[in-house]
Each structure stands twice: as structure tokens, then as C-alpha cells.
Amino acid sequence: MSNALYHWEAATDKRESVSTTTFAQVIRQARRHDEEALVALYQRALPVIYRYALARLGRPDLVEDVVSEVFLVMVESIGELRTEQEAGFYAWLLQIALGKISRALRHMTRSERRSIPLPGTYATDHYPVVELMATDLMSNPVALHEWRETLEEVGMALDSLSTEQQVIVIGRFLAGQKIEDLAQVLGKQPGAVRVLQFRALNALAKHLGLARGSQRKGKGDRA
Amino acid sequence: MNPEEYLNRLIERREHGEVQIPVINDEIAASLAAAEVLTQLQEIDVPPAFASHLELHIRARARHLALQNGTTIPIARPRSPAVPQRFPLRRVWIAVGTAAVLMLVCLGGLTASAQSLPGDILYGLKQAEYQFTLTLASDPQDRVSVQIDQLRSTLVDLNTIVNNGRDDDAIRLALNIVAAKTNGAQAAVAALPAGSEREVAQRNLDSVLAEEKQALRHLLDHVDWPIQLALTLQLGALGDPVPTVTHVMVRTQSNGTLLITLTGTHFAPHVELVIDGQPGGTVSQSTSEQLLAVISSSAWSPGAKALGVHNPDGTAAQMVLDGDDHEQQGGDNKSNGTPTPGDDNKSKNSTPTPGSNGTPTPGDD
């Protein structure tokens, strides 16, 4: 295992940030289809992409299909990735995920869209139970039900954002990227990204019924 | 300070663990709350089975792509026809050219065979390559690594075959190869002398066997009954608790229905009765070791019957009750196979035998 991957592994296990140099080295190795480098990138990005896809789609079975497709595209197309920055990598991966999710949403009827099951129950006869949470919520059905509804609303709220806004909020709050790094990969000034972040969070707050005077969007509002 | 910058400062302060943050207005407070909701998404866990299953795929794809890149043949620059050639030199060039073409053919064949799957014509070449690699690995430690790598590779092949919708014969063949590679890897580790090297090898083996169990369990949902039986047996061989059927009894009740009793192990709650590969009968009672089901006698056709159990997780087991059993134990049902009331018309005690229901037959490397 190369030095870069060794340092990477230690950081990834603890979900810590890795240095720019280490990340760039891993990307370069991955471009040569180095198995360990590709797996390291996959392990790093999987939680982010999975959580994002689950928020958008709601159905664990569909999420697994979409996430699999995203990472197989990553393996095939890593050579096309121009950036060697982590924020750029996430932005690129999220764009792939957005495309796959949009396609999956087009193929879903409204009634099929939301069916995140509670633990120990079957949402339908076809979709298996997936224990989504590893926290205390698992032992609290009421809290878990509320969380499920929140997740559903987050998915619909994210759907209302532009691609750029989604990349910013997911990159920022799920992947832990800094505004400055996101600005660099998006080719914008940090101030402009802060404005986009502000508008995105504002829109999310309205959709989620968090803003004063805002009305919570109904579950069936989104086509 | 503009509100965008102010909000970002607040988000950063919260990221650094500050709980009490002065907020200037409702809009900022709402945006901060939205950021908090997004952060909560980090509490969602990725199902470990899915994560390791996908990792297997990614590894296989990466290896495949690396192999393709590694075998790229540089295009030879054509020689100018204007250059005069002397005869001996020409013969050398012909020899070199022939060798290059042969090499190209060989490399092409190897590349194609690397992509082949059990049931493909070129798969024999891939197996020969496996064998060759094993033969070259004279050091026991290397042999373990090769065996484990090959087991991983065969697991990916099995998964690909199922995902590609290949027929049951191809799946069965792929599963046989997985079983053989599993045995090979276990034997290679067992052959190591006791010590730290063996401990490391054992940990690697345990890891790949855990991947194998996860992969097999994942496939259970995507295959037909005969393959579910075969996958279950392989899971059993790996030490997973899986159902077995050790005794079958069919008895006609006074109301004309048949009472079927299956005895065995690891029957799960909501276990189903399966007759000749199809769900049948109504399960009236089940424990982890016994299933009682009722079936209409009109639904019971004469001849051999395979009676099995199907657990909700997809694991399955069955026992074949052949025509001879009917004749031997239920004389009156010779003509139509219907048991005589009040008698243990059909009863069989046995242990499922490999091969009878699609068991992978461990081969040898």
C-alpha cells in the first residue's frame, strides 16, 4: 500500500479530513485504476452519496441501485475527473448522483416514492426493512417516525434547489467541505457561494416549515 | 456584515461546538435550523452488507480495468517501403512479426478470458490461469494470498452471473467454483505453520468468508428455488445457521386433507412450506424444528415429491420423497399417491445429500 493510502486510511476510519496532497495522490492512483485507491475513494464518499440518495429517493431498494450505479460510473470515468481536490471530487460525484436520481425519480410513480419502513415492519411486501439509523431512535418508534417524515420533507426540499445549490449544501453539510474549497471547484468567489448557501438554506427552511410565516409543503406537492 | 456572511459565521461556530449562538433575526434562525436538519442526515448508516457487496464489485471492476490498461499493446510504426531490405534481415522481421502476432493473440485471449464467466467458452482459459498462478506460488504464504484473491474473484463472477440473468446451470457452476475456492483457501491457511503469519492469514480468510456469506445472502433474493437451496447449503458449509429438513411425514386427516410434518433445524418464524419448488399448503404451526401444514388432497398429485421449507431470509431446504417411498410405506396410494387415512403414509428420514438439490460439489484446485 502506498504512503498516501496509508495516511488516508487512518483519516478515513475516523472520518477526519485528509490533506490536499494525500487526496491528490489518491486521485492520481485511482486514475490509473489502482484498486486500493478506488476503494479508498468509494469508502470515503459512500456515506455522503448514500445519505443524499436516501433523502432524495426515500426507498432503500432504489437507493442501493442508484448508489451502485454512481460508484460504477466513478470507477469507469475517474480518468475524466480534472480536479484533484476533495471538494471537486464530491461535486463531480454529486453531479453523477443527481443525474441518476433524476432518472430514478422519473421512473417512480408518486405513490411509490416514499416508503421508508420502520424497523421491524415492512413498508410494502416488496421492500425489505433497512435499519437506517444506528442511534437511540431505533428504540423509539415515535421519534423514528418523526425522523422519517423529516427525511421525506428534506428530500422534497432538496428537490426544489438548483443543482449548484444542492452541490453546495450537500458538500458543506454532508461531506464537510469548506466554502472556500467549494468556491474553487465551482469557479466562484467565496462570497458568491455564501450567497448561494444562504438562499439554499432559506429555501430549505421554508420547505421544512422552519421559517416564520412559511407553510410546510405538503407531502404530495412534488410531482 | 451581510446576512450571508453572518449565517456562514454562525454555521462555522456551531461546527466548532458552540451551542448558544446569538441570532439576529428569524430568517437567520430558520436557515440555521435548516442547516442543522441537513447535518442530522449524517446519522443515517449505510447498511454494511450493501457496502461490502458494492465494494466487491468495485474491486472487480478496478482489477478488470487495470488489466485492460496493463495489456495495451503499443502500435508499431509502419516501416517505409522505400527502405531497401536484405533477405536475412527480412526473415528476422518475419519471425519478429509472427511472434508479435502470436503475442497479441495470446494477450487478447487472456484479456478476453479475464472477462469470461463460468459457462463461457473462454472460462477454461481463466481457470487454467488460476491454476498456473497457484502453481507458481510455491511459498505457502503466497499460496494463501492467491487462493483468497481467487475466491474474491469467483464471488464477483457469481454475482455478475446472477445479475446478468444467466441460467441456473451457469449459476450452479459458478457456485461450485466458489465452493471449491473456499475449500482451497481454507486448506491453504490450515497448511500454514502455527504463528503470527497464520494468524494474519486466518484474519484475511475470515474477512473474505464474511464477504462470501454476505454475497450469498444477498443473492438469495435474486435466484430461483433450486439455486436458493444450493446457496443455503454453501452458507451452511460456511457455518451459518441455515434450515435443514431431516424428516418428512404426510398423513391423511379425517376431513380428507393432508397433514404434512417437516422436521429439521433453523426454521424461522413465518417459514413457508414448498412443494416441488412452489409454495403450497397452509402452515398451521411452526417452531424452529418443526413445521405443520395442511394441504387439500386434491392438490397432491401422484409421484415423487420434493417437500421443503423457505425461510423469510431466502434460505431453504428440502427433502425428496420419491415414488418408492409411497409404495413402500403407503400401499394403498400406489395408484394415485394419495395416502391412506390414519396412517403415516409417507415418511422419510434422511440428511440432505450434496448434489441432490443443487449442492455445490467442492472441487479441487
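Chain identifiers are assigned alphabetically (A, B, ...) following the order of the sequence lines, protein sequences preceding nucleic acid strands; residue numbering begins at 1 within each chain.
- Of the two parts of B:Leu38, the backbone and the side chain both hold a non-hydrogen atom closer than 4.5 Å to a non-hydrogen atom of chain A.
- More than 12 heavy atoms of other residues, nucleotides or ligands shown are found within 6.0 angstrom of NZ on B:Lys213.
- The distance from atom CG of A:Leu72 to atom NE2 of B:His57, rounded to the nearest 0.5 Å, is 7.0 Å.
- Closest approach of B:Ala30 to A:Leu210, counting heavy atoms only: CB-O, 3.7 Å.
- Taken from CG in B:Leu41 to CG in A:Leu54, the straight-line distance is 8.5 Å, to the nearest 0.5 Å.
- Counting heavy atoms of neighbouring residues, nucleotides and ligands inside a 6.0 Å radius, atom CD of B:Glu12 exceeds 12 of them.
- The shortest side-chain heavy-atom distance between A:Leu151 and B:Ile44 falls under the 4.5 Å cut-off.
- Of the inter-residue distances, the one linking A:Ile179 atom CD1 with B:Asn8 atom CG reads 4.5 Å to the nearest 0.5 angstrom.
- A heavy-atom distance below 4.5 Å is not found between the side chains of B:Arg59 and A:Tyr42.
- Considering CZ of A:Phe198 and CD1 of B:Ile28, their distance stands at 4.5 Å, rounded to 0.5 Å.
- Few gaps surround CD on A:Glu76; more than 12 heavy atoms of other groups in view lie less than 6.0 Å from it.
- If you tally non-hydrogen atom pairs under 4.5 Å between each of A:Ile170, A:Ile78, A:Val67 and chain B, the highest count goes to A:Val67.
- Between chain A and the residues B:Ala35, B:Ala33, B:Ala60, the most heavy-atom pairs under 4.5 angstrom are made by B:Ala35.
- Residues A:Arg51 and B:Gln42 meet the side-chain proximity criterion, which asks for heavy atoms closer than 4.5 Å.
- Residues A:Gln197 and B:Ile11 meet the side-chain proximity criterion, which asks for heavy atoms closer than 4.5 Å.
- Side-chain contact between B:Ile58 and A:Gln43 is absent, with no heavy-atom pair separated by less than 4.5 Å.
- For B:Pro47 against A:Glu64, the heavy-atom pair with the smallest separation is CG-OE2, 4.0 Å.
- When heavy atoms are compared at a cutoff of 4.5 Å, A:Val195 approaches chain B by way of both its backbone and its side chain.
- Minimum interatomic distance between B:Ser31 and A:Ala205 (heavy atoms only, all atoms of both residues): N-CB, 4.2 Å.
- Atom CD of B:Glu55 is separated from atom CG of A:Leu38 by 11.0 Å, given to the nearest 0.5 angstrom.
- For the atom pair CZ of A:Arg199 and CD of B:Glu4, the computed distance is 7.5 Å after rounding to the nearest 0.5 Å.
- Counting only heavy atoms from C-beta outward, the side chains of B:Val37 and A:Leu208 approach each other to under 4.5 Å.
- Summarising the geometry of A:Tyr50 relative to B:Asp45, their closest heavy-atom pair is CE2-O, 3.9 Å, with the distance given to 0.1 Å.
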